[in-house]
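Below is one structure, written out as structure tokens, with a few remarks after it.
These numbers come from the heavy atoms of this one structure, side chains and all, not from hydrogens, waters or symmetry mates.
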Amino acid sequence: MTPSASRAGLRARTLLALTPMALASLACTSALAQSASSSATNHRLDDVTVTATRSPMRLADAIGDLTVINREAIERQGFGSIADLLRNVAGLQMTRNGGPGASTSVYIRGAETRHTVVLIDGVRIDGQSSGGASWQNLPVSQIERIEVLKGPASALYGSDAIGGVVQIFTRKGAGRPQLDLGLGAGSYGQVKADAAISGGTAVFDYAASLAMDRGTGFNAFTNTKSSSYNDDKDGWRNYAGSLRLGGQLAEGQRLEFLGLKSRGDSGYDAGKNADDRAITDTLAARLGLNSTWNAALSTQLSLSQSEENYETKPSSPYLTKTRIRAASAQAFYKIDAHQQVNAVLERREDRLENTSLVSGGAAKRSENALGLSYLATLGAFSLQAHGRHDKDSEFGGIDTGSLSAGYQLGGGWRVTASAGNAFRAPTLYQRGSVYGPDLSKPGVAPLRPERAHNQEAGLGWADGGYDLEVTTFHNRVTDLIVFGAAGTCNSTFGCYGNVSRALLKGTSLKGGAQWGPVRLSGTAEFIDPTDSTTGKLLPRRAKRFGTLRAETVVKDWTLGANVVGSSARWDNAANTTRLTGYGLLNLDAQVAVAKDWRVQLNLDNAFDRKIQTANFYQQAGRTVFVTLRYSPTL
């Protein structure tokens, strides 16, 4: 190890050692400043969330390990992607193969990136070739809030929800017309521009936006001995647009439409003498009817479609297209003021186009599902039970369920516990390509769904401007699908098979304190993501990861500082290639310069640390970005 790498690892270890102590101190400071209560914290607990139960409920009543990122936090980001925002959520880690437009993975509690359900206003985004959403292609400027549910949730959402659910909500119009214009520029030749308009009445509301983000970038691939190395800058170009409309057809009858499209075009190295590009197009559309029939009964009907097309050119031409169509009918019935029953009927149809498919370039499947939920808040005790049956056109039926309970101990303390199972169906590429099982060979069986069984317990405390939450979890995943030795398929290079098991266990912490004029918050994650077959750690996941943020208001300025620390991780399954830990300091400031005008300043990686979360792929160094925003009410 080089001296610089050793120092970086020491800084990361020091930061991660201090993080839990900092969080503990947040819980102890209430005696010093009881008068510094935070209305923002109380408002956050009163926020309405839908991801934890698929029905509206107060955040304070949600039993699951849930985090909400609001518009204010999104604007503080200044630049970057959704994955950069999620990096500050307890229990989440992010890896990236280079700069902002490069391939990105998000791990919730150590689970694979394909084990996360990603929804945009209820529309599922997924790629049936690699599995999982293209995080680098999801726009930030059009987002109102993000809800992150950690832990298995197939009893609510069906296939894929082994690690958790990330639901993205776009902006919704209300009141007088509101214009929002932004223009920013910074390091690596980056330029961003976005424009949005929204508004509405009691009968009709609208929100529309356009966004552009491009940069010249830097040379992200560092392996000079590779035949694909190209000493050029790997720039990116991202474009996005969205439209959201809502209309009151009659009393209690609301029709909604969402349309969103984004295109990411980023450089990568595939040949020495070519400007190779990776292009991702994402489309989401949804039509929904929300009906309130009386004080007890409401329903929701929804039709949606998403598409994700991925292409590389010119050195290594490749094209894959995924389309997901879904229809659902949900009903919510309030038994009384404290009990509710939910029911859902869903149909999902997946289609994949890929030249590696044995079927001649296209494959499809369908899933039908029925789910039931019971929610109760009986004094200090709360209970949530979910059950679901999914029937897949290929491998038949799968039953999932979860049971969660919480109890208010008094003094702001609350204890929770839950248990449940989840699954991920094999992708159409895994089961239908030349790398999938050849069922004509003796003894070869179809791929089975990946399965998970999880137990967790949590302890939370909130009092005025102070809050602390600790969650411990134990998630055992079986029948993991990995790319292994040849023999069961038509490829001599290798085949997919259910040949692995994993144990994902750990503890995550998050907390905050209003200490005089300063708001402090922090997260820490201690996980042990292990391949149960080999006893090795799963690749590209750090065992210790933490963040610490301080924010305050000084006259017209809002100032913030964010520290991110990660321990070392392994790049490969054999645990032979080590990626050094790191510590980062990010600074941000916002100031109103005139009526409706404000300036956002961001300084990321202030000490210009060298970061690699994937071997031979460096991430951005010190980055400066300035944004000017104009947001008048018309």
Answer yes if the side chains of Q590 and D588 hold a donor-acceptor pair under 3.5 Å, and no otherwise.
-> no
Can any side-chain N or O of R171 pair as donor or acceptor with the backbone N or O of Q142 at less than 3.5 Å?
-> no
What residues form a side chain to side chain donor-acceptor pair (under 3.5 Å) with T224, not counting sequence neighbours?
-> none
Look at the aromatic rings of Y429 and Y435 and report parallel, tilted or perpendicular, splitting at 30° and 60°.
-> tilted
Sorted by chain and residue number, the side chain to side chain donor-acceptor pair (under 3.5 Å) partners of T471 (sequence neighbours excluded) come out as none
Salt bridge (charged side-chain N to carboxylate O under 4.0 Å, His left out) partners of R622, counting only residues at least two apart = none
Would you say the side-chain atoms of T104 pair up with the backbone N or O of A102, donor to acceptor, closer than 3.5 Å?
-> yes
Any donor-acceptor pair under 3.5 Å linking the side chain of S262 with the backbone of N137?
-> yes
Answer yes or no: is there a side-chain heavy-atom contact under 4.5 Å between R569 and T95?
-> yes
Which residues share a salt bridge (charged side-chain N to carboxylate O under 4.0 Å, His left out) with E551, sequence neighbours left out | R76, R549
Mind checking what makes ring pair (Phe, Tyr, Trp, His ring centres under 6.0 Å) contact with F625, not counting sequence neighbours?
-> F79
Step by step, work out the side-chain contact (heavy atoms from CB on, under 4.5 Å) result for R598 and S631.
-> CA-CA 9 Å; R598 64 187 186 278; S631 305; 3.3 Å; yes
Would a 4.5 Å heavy-atom cut-off, applied to side chains only, mark D232 and D269 as touching?
-> yes
N605 meets the side chain to side chain contact (heavy atoms under 4.5 Å, CB included) criterion, sequence neighbours left out, with L584, R609, I611
Enter the distance from S567:OG to R541:CZ here, rounded to the nearest 0.5 Å.
-> 13.0 Å
Roughly how far, to the nearest 0.5 Å, is the CG atom of N97 from the OG atom of S103?
-> 5.0 Å
N586 side chain near N602 side chain, heavy-atom distance below 4.5 Å = no
Ignoring hydrogens and angles, state whether a donor on the side chain of E308 or S134 is under 3.5 Å from an acceptor on the partner side chain.
-> yes
When you look at L509 and T523, which way does the side-chain contact (heavy atoms from CB on, under 4.5 Å) test go after all the steps?
-> CA-CA 5 Å; L509 304 91; T523 71; over 6 Å; no
With R263, which residues qualify under salt bridge (charged side-chain N to carboxylate O under 4.0 Å, His left out), at least two apart?
-> D281
How long is the gap from CD1 on I146 to CD on Q167, to the nearest 0.5 Å?
-> 11.0 Å
Between R145 and F169, is NZ or CZ placed under 6.0 angstrom from the six-membered ring centre and within 45° of the ring axis?
-> yes
Under the side-chain hydrogen bond (donor to acceptor under 3.5 Å, both in side chains) rule, what do E525 and S508 come out as? Steps first, then yes or no, please.
-> CA-CA 4 Å; E525 179 183 17; S508 64; over 6 Å; no
Please tell me if the side chains of D231 and N219 come closer than 4.5 Å, counting only heavy atoms from C-beta onward.
-> yes
Run the salt-bridge test on D65 and R109 with the 4.0 Å N-O cut-off and return the result as yes or no.
-> yes
Can you name the residues that form a side chain to side chain donor-acceptor pair (under 3.5 Å) with N223, not counting sequence neighbours?
-> none
About how many Å separate CG of N354 and NZ of K321, when rounded to the nearest 0.5 Å?
-> 11.5 Å
Distance, nearest 0.5 Å, that separates CD of Q93 from NZ of K543 = 12.0 Å
If you count the non-hydrogen atoms of other residues, nucleotides and ligands that lie under 6.0 Å from NZ in K233, is the total more than 12?
-> no
Going through the distances and angles, do K272 and S228 end up as a side-chain hydrogen bond (donor to acceptor under 3.5 Å, both in side chains)?
-> CA-CA 6 Å; K272 290 185 176 295; S228 61; over 6 Å; no
Contacts satisfying salt bridge (charged side-chain N to carboxylate O under 4.0 Å, His left out) that involve residues 122-133 (not counting sequence neighbours) are R124-D160, D126-R348, D126-R424
side-chain contact (heavy atoms from CB on, under 4.5 Å) between I69 and L86, intermediate numbers included | CA-CA 9 Å; I69 305 173; L86 297 179; 4.0 Å; yes
Could you tell me whether the side chain of D213 reaches within less than 4.5 Å of the side chain of Q190, counting heavy atoms only?
-> yes
Evaluate the side-chain contact (heavy atoms from CB on, under 4.5 Å) criterion for residues L260 and L283: first the C-alpha distance (whole Å), next the side-chain angles of each, then the deciding distance (0.1 Å), finally the verdict.
-> CA-CA 6 Å; L260 181 145; L283 170 70; over 6 Å; no
Shortest non-hydrogen contact from F218 to G98?
-> CZ-C, 4.2 Å
Any side-chain heavy atom of V148 sitting closer than 4.5 Å to one from K150?
-> yes
Aromatic ring proximity, centroids under 6.0 angstrom, Y268 and F221 = no
Starting at CG of L352, measure out to OG1 of T427 and round the result to the nearest 0.5 Å.
-> 7.5 Å
Between F545 and Y582, how do the two ring planes meet: parallel, tilted or perpendicular, split at 30° and 60°?
-> perpendicular
Apply ring pair (Phe, Tyr, Trp, His ring centres under 6.0 Å) to Y630 and list each qualifying residue two or more places apart in sequence or on a separate chain.
-> W597
More than 12 heavy atoms from other groups under 6.0 Å of NZ on K505 = no
Quick one: side chain to side chain donor-acceptor pair (under 3.5 Å) partners of T113, sequence neighbours excluded?
-> W135
Before giving the answer on side-chain hydrogen bond (donor to acceptor under 3.5 Å, both in side chains), spell out for T51 and T49 the whole-Å C-alpha distance, their side-chain angles and the decisive distance to 0.1 Å.
-> CA-CA 6 Å; T51 307; T49 176; 4.7 Å; no
For R629, enumerate each residue passing the salt bridge (charged side-chain N to carboxylate O under 4.0 Å, His left out) test, keeping only those at least two apart in sequence or located in another chain.
-> D180, D194
Do N88 and N562 come close enough that some side-chain heavy atom pair is under 4.5 Å?
-> yes
Qualifying residue, where the test is side-chain contact (heavy atoms from CB on, under 4.5 Å) with S187 and the options are D604, V624, T216 = V624
Would you sort out whether E311 and N309 count as a side-chain hydrogen bond (donor to acceptor under 3.5 Å, both in side chains), showing the intermediate values?
-> CA-CA 7 Å; E311 179 182 12; N309 304 329; over 6 Å; no
Lys/Arg-Asp/Glu bridge criterion (N-O < 4.0 Å) met for R540, E112 | no
State whether the side chain of N572 and the backbone N or O of T577 hold a donor-acceptor pair below 3.5 Å, judged by distance alone.
-> yes
Are the side chains of I74 and V140 in touch, meaning some heavy atoms are under 4.5 Å apart?
-> yes
